[in-house]
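Presented below is the structure to which this report refers.
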Amino acid sequence: MPTDTPIGREARTLPGVELLWSGRVSEHIDDAVAERHILDAEESTRLAAFVRDADRDSYAVAHVMLRRLLGEQLGQAPEAVTLTREPCTSCGGPHGRPVVPGSPVHFSLSHTSGLVMIALATAQVGIDVERVPDDPGVVADVAAQLHPRERTELAALSAADHATAFARCWTRKEALLKATGVGLNEDVALTYVGAGPQPAVTADWLLADLPADRGYTAAVAVRLTTPVAQ
């Protein structure tokens with residue numbers, strides 16, 4: 001039986017978030033392969049195009065589980081759920097937020113290095129999970145592109161804390177950019193999410209760090225229906 005990750009499958013006490021799910025690819029891949037027939041034509045084509053087994057397995061687990069969760073939420077068979085993308089909010093291209101047309105259910109998924117996370121919500125939502133990088137050069141190069149306040153916060157930390165704080169900041173940022181629909185088309189220096197122990201507070205979005213396996217960081221962003229006074 002698959003062992004639950006720190007989230008497993010649960011409803012969270014976050015406004016607008018209905019369900020968070022996480023799982024290790026190694027513990028779900030056999031089931032995902034057996035159920036890959038529920039994927040649509042586009043998903044099946046993308047699955048077959050992966051060269052690396054690890055990438056293929058992560059995609060299979062993420063998309064099979066997403067369809068199962070959406071099917072349960074919508075009262076449909078997983079294979080009957082229609083998925084499409086909204087126009088990008090930055091360029092108008094067909095690569096914006098993934099959606100179920102006409103449905104009030106919003107969703108987001110993320111997978112990296114053997115771990116998958118999925119969020120379902122009643123409002124725009126984004127989720128991200130990342131492995132904490134072990135290459136200081138990569139951390140330094142990417143951190144130099146962040147918001148000025150985030151760079152200052154990272155610079156104040158000890159070398160031992162730098163990689164984890166960077167990964168924490170990055171997952172917050174990517175979760176928010178996924179939720180807005182702009183993704184990494186936006187300059188990552190523009191939006192401040194914070195690199196400290198607590199994510200930034202914004203008027204329109206709730207940012208929250210999520211528990212994850214050791215060596216990973218994760219975050220979720222959901223649009224607030226009642227804006228927070230600042």
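As the structure is a prediction and not an experimental result, all values here were calculated from the model.
- Residue Arg67 is tested with Glu35, Glu72, Glu43 for a salt bridge (Lys or Arg N to Asp or Glu O under 4.0 Å); the sole match is Glu43.
- A salt bridge links Asp31 with Arg68: the distance from a Lys NZ or Arg NE/NH1/NH2 to an Asp or Glu carboxylate oxygen falls below 4.0 Å.
- For the pair Arg56 (side chain) and Phe50 (backbone), a donor-acceptor distance under 3.5 Å is present.
- Annotation for Ala179 and Trp205: closest pair CB-CZ3, 3.4 Å, computed over non-hydrogen atoms.
- Atom CZ of Arg36 has 12 or fewer heavy atoms from other residues, nucleotides or ligands within 6.0 Å.
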For a side-chain contact (heavy atoms from CB on, under 4.5 Å) check, start with the C-alpha distance between Leu39 and Val64, then their side-chain angles and the critical distance, and finish with the verdict.
CA-CA 7 Å; Leu39 302 178; Val64 166; 4.0 Å; yes

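- Taking the centre of each ring, Tyr59 and His63 come in below the 6.0 Å mark.
- Side-chain contact between Leu206 and Pro15 is present, with at least one heavy-atom pair separated by less than 4.5 Å.
- In this structure, the side chain of Arg168 engages the main chain of Gly196 through a donor-acceptor pair within 3.5 Å.
- Gln124 and Thr180 share no side-chain donor-acceptor pair at under 3.5 Å.
- Without hydrogens or angle criteria, Glu18 side chain to Ala121 main chain gives no donor-acceptor distance under 3.5 Å.
- For the pair Lys173 and Asp128, the salt-bridge criterion is not met [side-chain N within less than 4.0 Å of a carboxylate O].
- Side-chain atoms of Lys178 come within 3.5 Å of backbone atoms of Leu109 as a donor-acceptor pair (strictly under, hydrogens ignored).
- Heavy atoms of other residues, nucleotides or ligands lying less than 6.0 angstrom from CZ of Arg85 number more than 12.
- Side-chain contact between Val139 and His162: present, with at least one pair of heavy atoms (C-beta onward) separated by less than 4.5 Å.
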